[in-house]
**Student:** 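One structure coming up, written as structure tokens, with questions to follow.
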Amino acid sequence: MTRDHAPVHRRVDLGPAEALRLLGSVSLGRVVFTRHALPTVRPVNHVLDNGDIVIRTHEGTALTSHAEEASGPGVVVAYEADVIDPDTHLGWSVVVTGYARLVTDPAELARIRAMLRPWAPADGLDQAVRIHPELVAGVRLTDLTGRGGTVTALG
């Protein structure tokens, strides 16, 4: 099979600091965790807090239960956020793998509730989970000149 056109995009790997900066520039992502021994993905909103990703969740959800039961550093999860233009295919994507723990300190939980409002109206989002990044990987999709085009405007 031959290609009629040369690729017009290139992929640039990001360092952890730049990847986390981009992740912090958006409020919506996806958390990946295990439920009944299978990977499960949920869209959530987040905030970066002292280098950790913090999300709000309901009491009794699979992620909340796993994070609450976890010993040691927490339960392993992945978190992904991106901004990719559907027309130009320019943008970025960040994936974080780390440990999630339920926030139990009442003062910290109150602070998180004040700074992280749910992205969709929902009752009962009284819990918070803090994800401490261990592995951070990010890519920027640019054109061949290295310009991100709409990437700059998007993140």
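Just so it is clear, the structure is predicted and the values come from calculations on it, not from any experiment.
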**Student:** Please list, chain by chain and in numerical order, all residues satisfying side chain to side chain contact (heavy atoms under 4.5 Å, CB included) with Asp87, sequence neighbours excluded.
**Tutor:** Asp85

**Student:** Looking at Arg111 and Asp49, is there a salt bridge between them, counting it only when a charged N and a carboxylate O are closer than 4.0 Å?
**Tutor:**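 The answer is yes: the pair qualifies as a salt bridge.
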
**Student:** Same hydrophobic cluster for Ile53 and Val26, using side-chain heavy-atom links shorter than 4.5 Å among ILVMFWY?
**Tutor:** yes

**Student:** Mind checking whether Val31 and Tyr99 sit in one hydrophobic cluster, side chains of I, L, V, M, F, W, Y counted as touching below 4.5 Å?
**Tutor:**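 Different clusters.
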
**Student:** Over all heavy atoms of both residues, which pair between Leu20 and Pro133 is shortest? Give the atoms and the distance, please.
**Tutor:** CD2-CG, 4.5 Å

**Student:** What are the two closest heavy atoms between Ala128 and Leu102, and how far apart are they?
**Tutor:**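 Nearest heavy atoms, Ala128 then Leu102: O-CD1, 3.4 Å.
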
**Student:** Taking the side chain as every heavy atom from C-beta outward, state whether Asp52 and Ile131 have any pair of such atoms under 4.5 Å apart.
**Tutor:**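 Of all side-chain heavy-atom pairs linking Ile131 with Asp52, none is under 4.5 Å.
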
**Student:** When you look at Thr57 and Val44, which way does the side chain to side chain contact (heavy atoms under 4.5 Å, CB included) test go after all the steps?
**Tutor:** CA-CA 8 Å; Thr57 185; Val44 295; over 6 Å; no

**Student:** Please check if the side chain of Asn45 supplies one atom and the backbone of Arg117 the other of a donor-acceptor pair under 3.5 Å.
**Tutor:** yes

**Student:** Taking the side chain as every heavy atom from C-beta outward, state whether Thr97 and Val76 have any pair of such atoms under 4.5 Å apart.
**Tutor:** yes

**Student:** Starting from Trp92, can I reach Val95 by hopping between I/L/V/M/F/W/Y residues whose side chains sit under 4.5 Å apart?
**Tutor:**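 Unlinked, Val95 and Trp92 end up in two clusters.
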
**Student:** With clusters built from Ile, Leu, Val, Met, Phe, Trp and Tyr whose side-chain heavy atoms come within less than 4.5 Å, directly or transitively, what are the remaining members of the cluster of Val47, listed by chain and number?
**Tutor:**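 Noted: Val47 shares its cluster with Val54, Val103, Leu109, Ile112, Met115, Leu116.
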
**Student:** To check you understand the geometry: which heavy-atom pair defines the closest contact between Ala81 and Gly29, and what is its length?
**Tutor:**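 Looks like CB-CA, 4.2 Å.
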
**Student:** Running the 4.5 Å side-chain criterion over Ile, Leu, Val, Met, Phe, Trp and Tyr, what cluster does Val41 land in, apart from itself?
**Tutor:** Val32

**Student:** Testing the basics here: between Arg30 and Pro43, what is the closest heavy-atom pair and its distance to 0.1 Å?
**Tutor:**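 Scanning both residues completely, I find the closest heavy atoms to be CG-CA, 4.2 Å.
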
**Student:** Do Pro73 and His132 have side chains that approach each other closer than 4.5 Å (heavy atoms only, starting at C-beta)?
**Tutor:**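 Sidechains of His132 and Pro73: no contact.
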
**Student:** Return yes if some donor-acceptor pair links the side-chain N/O of His46 with the main-chain N/O of Leu23 below 3.5 Å, else return no.
**Tutor:** yes

**Student:** Is Arg56 close to Gln127 at the side-chain level, that is, under 4.5 Å between some pair of heavy atoms?
**Tutor:**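 A side-chain contact is absent here, since even the closest heavy-atom pair is not under 4.5 Å.
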
**Student:** From Arg21 CZ over to Leu48 CG, what is the distance, rounded to the nearest 0.5 angstrom?
**Tutor:**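 Taking CZ in Arg21 and CG in Leu48, the distance rounds to 11.5 Å.
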
**Student:** Are Leu90 and Val12 in one and the same hydrophobic cluster, where Ile, Leu, Val, Met, Phe, Trp and Tyr link if side-chain heavy atoms are under 4.5 Å apart?
**Tutor:**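 Shared cluster, no.
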
**Student:** So how far is it from Ile55 CD1 to Leu28 CG, rounded to the nearest 0.5 Å?
**Tutor:** 11.5 Å

**Student:** Quick one: does Arg140's side chain have a donor or acceptor within less than 3.5 Å of a partner on Asp13's backbone?
**Tutor:**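 No: the side chain of Arg140 does not pair with the backbone of Asp13.
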
